[in-house]
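Order of the sequence lines fixes the chain letters, A, B, ..., with proteins taken first and strands second; residue numbering starts at 1 for each chain.
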Number of protein chains: 2
Amino acid sequence: MSTLSEVARRAGVTSATVSNVLRNRGRVGEQTRQRVLEAVEALNYRPHLAARALAEGRAPTIALMVSSIANPFYPEFALAVERAARTSGHFVIICNTNEDPQAGRAYLEQIAGTLSEGVLVMNANLDFDDLHKTQARGAPVVLCMWERPDDPPGLPCVAVDFRRAGRLAAEHLIELGHTRIGAIVGSKPSGIHASRYEGFVDAMREAGLKIPAKSVRHAPDTIEGGYTAARNLLEHDAQMTAIFATNDLPALGTIHAAADLGRDVPHDLSVIGITDIQLAQQSRPPLTTVAVPTVEAAELAVSLLRELIERPSRAAQQKAQRMCVTSPPQLIVRGSTHTRSL
Amino acid sequence: MSTLSEVARRAGVTSATVSNVLRNRGRVGEQTRQRVLEAVEALNYRPHLAARALAEGRAPTIALMVSSIANPFYPEFALAVERAARTSGHFVIICNTNEDPQAGRAYLEQIAGTLSEGVLVMNANLDFDDLHKTQARGAPVVLCMWERPDDPPGLPCVAVDFRRAGRLAAEHLIELGHTRIGAIVGSKPSGIHASRYEGFVDAMREAGLKIPAKSVRHAPDTIEGGYTAARNLLEHDAQMTAIFATNDLPALGTIHAAADLGRDVPHDLSVIGITDIQLAQQSRPPLTTVAVPTVEAAELAVSLLRELIERPSRAAQQKAQRMCVTSPPQLIVRGSTHTRSL
DNA sequence: GTGAAAGCGCTAACAG
DNA sequence: CTGTTAGCGCTTTCAC
């Protein structure tokens with residue numbers, strides 16, 4: 001690893017000059033520029049990013065806090081984040097909190113503001129106090145998937161109208177003539193699944209449909225969780241003709257459960273999810289779902305973060321209020337829903 | 001963000017002392033230690049990792065090069081890498097090369113040795129020259145899933161006996177009485193899928209079974225790729241009773257294709273894959289597959305990397321030869337394979 | 001145009 | 001035990 005001053009020596013100039021040609025700052029004579037470039041080439045010089053970070057007082061990385069990268073939804077988001085981050089010259093450090101606020105805090109305290117200049121939070125189950133603290137220490141924080149455009153979290157965020165997503169899903173089922181509709185709701189009582197369910201409830205109410213307690217189940221946000229909940233639902237109410245899940249994974253599990261119960265999807269049972277993960281296209285039948293603008297959310301989150309990093313002064317005042325809203329979720333009709341036929 | 005010297009001033013000592021108490025180096029009086037700790041607390045001080053990295057001449061991060069984190073297999077691996085890395089105090093920077101050697105090179109040149117002190121390579125389609133260069137510049141490199149324990153790549157690596165995996169899969173099918181077996185091989189002609197296919201060929205040959213060209217297809221490493229290839233296979237040879245895929249995703253696609261062709265898996269058609277990704281348990285029927293020790297590979301890779309980082313001198317000599325082999329792949333029989341019944 | 005010099009925040013000898 | 005002194009590799013005024 002050669003250094004700036006080695007390059008400088010070889011080019012017969014000083015390191016300041018080398019720095020200047022490398023960053024196109026200041027005026028440098030064409031001749032010296034050439035010599036410097038040659039020296040850089042000859043020595044195979046590459047700037048030391050940590051040193052640069054220290055000198056500039058900023059870091060070339062951002063942290064992405066996520067509960068577990070192994071959950072099928074996050075990788076798609078992480079990929080989009082990484083792409084967006086690259087365009088602003090940032091690398092992304094992946095921080096799996098494993099849903100543990102302790103782990104999250106450890107990450108935040110160590111890297112925020114020292115190794116990474118900002119943090120993106122994606123359903124990582126973090127303590128809001130911790131988030132505020134890291135913000136106070138100078139590292140901007142943005143929440144990547146806030147579920148309520150109408151209820152700001154007091155932290156910069158990009159919001160997705162999940163309530164609307166829930167409503168769209170329910171409306172689709174209702175339009176198809178379904179009246180006995182079951183719901184599988186992500187296990188965490190509050191948070192992102194609550195608003196989806198609220199949207200569902202809104203639509204049901206408007207259509208004059210009841211939601212008996214028996215037709216709602218809470219389940220872990222996995223295929224298996226959905227499977228179990230769906231079996232349960234179907235065994236308690238044989239008349240049910242449609243199931244709404246607050247997420248794609250449980251919806252996929254529902255399709256499996258139906259198959260095991262000898263019920264054909266979509267003819268005997270319609271199933272709908274929310275998100276539109278890649279797998280949704282690849283199930284049998286392909287899953288009807290309400291697509292959430294993942295890539296857009298990632299891009300907005302990165303650009304908001306960048307803005308907060310670059311205009312800390314102006315941003316300081318707006319921080320609490322700063323909220324970007326993505327374009328609305330959209331219904332994607334595929335093969336798992338059908339006109340009620342019973 | 002308060003600094004070491006601010007803490008020092010407040011505690012009435014010098015920054016060296018603060019550094020000492022924080023890292024438990026050197027002897028420090030109990031009284032001063034207390035005062036320092038109080039000051040740290042009062043100022044909410046956190047060490048600046050970039051500064052520390054510069055001073056120590058090493059970085060607290062490693063880079064994980066991967067073709068695309070959105071591919072369902074990598075996240076599981078990435079999670080294991082991150083966990084292992086944390087135990088050695090490293091953060092992991094995720095580098096999506098998108099299969100593009102150019103992109104890979106850009107990453108390597110920028111971060112290797114400056115922002116991250118080592119790099120893990122996971123099927124990222126990188127140029128070996130580039131890897132050798134980054135190694136030469138002082139950043140250890142380890143390949144995470146080398147497919148041939150018997151043929152070292154000239155770079156440190158952890159090897160998984162994929163040939164054996166292919167053999168195990170084939171043997172399972174053969175034992176079940178299948179003789180007309182189709183094969184779906186990952187698209188890249190050389191590399192990781194080749195050895196899996198070789199293992200398959202070995203077993204077939206030993207069993208005295210032929211592999212007509214018609215019963216082999218190359219396909220992208222996706223569900224859809226497998227779907228198309230399987231349809232193709234099945235339409236050309238209605239007698240085929242089993243299909244071996246070099247990876248789980250195409251195997252899953254094969255199950256779908258069979259369903260669309262009205263063939264029951266496993267009674268009309270047995271399907272087997274390799275890897276054992278999470279999805280394999282969750283398909284209908286659950287996929288029989290040969291499990292590859294992902295987590296073990298991740299842990300070995302990280303510890304090998306750490307060793308290379310820490311003993312550069314000794315390691316230098318061994319670098320080219322350094323190879324860890326994981327425990328062997330194992331057959332996991334689930335629902336997609338069955339005794340031949342035609 | 002180019003160089004000299006200070007400093008980013010921390011660590012690591014070495015003195016005292 | 002604690003302080004002094006040098007850097008780590010780079011950026012950035014500010015002189016010349």
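Listed nucleotides C:dA4, C:dC10, C:dT11 differ in distance to A:T14; the shortest reach to its side chain belongs to C:dA4. Considering only the side chain of B:R23, C:dA12 comes nearest among C:dG3, C:dA12, C:dG9. Listed candidates were D:dG3, C:dC10, C:dG1. Nearest to the side chain of B:A51 is C:dC10. In the set C:dT2, C:dC8, C:dG9, the nucleotide with an atom closest to the side chain of A:T32 is C:dT2. Proximity note for B:T3 (side chain, C-beta onward) versus C:dG3, C:dC10, D:dT4: the nearest is C:dC10.
Remark: the backbone N or O of B:T294 is not paired with any side-chain donor or acceptor of B:E76 at under 3.5 angstrom.
Between B:S19 and C:dT11 there is a side-chain N or O to OP1 or OP2 distance below 4.0 Å. Phosphate proximity of C:dG9 to B:R52: absent, as no side-chain N or O sits under 4.0 Å from OP1 or OP2. Side-chain N/O atoms of B:R25 include none lying less than 4.0 angstrom from OP1 or OP2 on C:dA13.
At a threshold of 4.0 angstrom between heavy atoms, the contacts of A:R27 include nucleobase atoms, whether or not backbone atoms are also involved.
With respect to A:E307 and A:R322, a salt bridge is recorded, a charged nitrogen being found less than 4.0 Å from a carboxylate O. Ion pairing between a basic and an acidic side chain is recognised when a charged N comes within 4.0 Å of a carboxylate O; B:R10 and B:E41 show no such pairing.
A:Q110 has its CD atom 17 Å from the C1' atom of C:dG9, to the nearest Å.
Distance noted for atom P between C:dA6 and D:dT5: 15 Å (whole Å).
The closest side-chain donor-acceptor pair between A:Q34 and A:E38, if any, does not fall under 3.5 angstrom.
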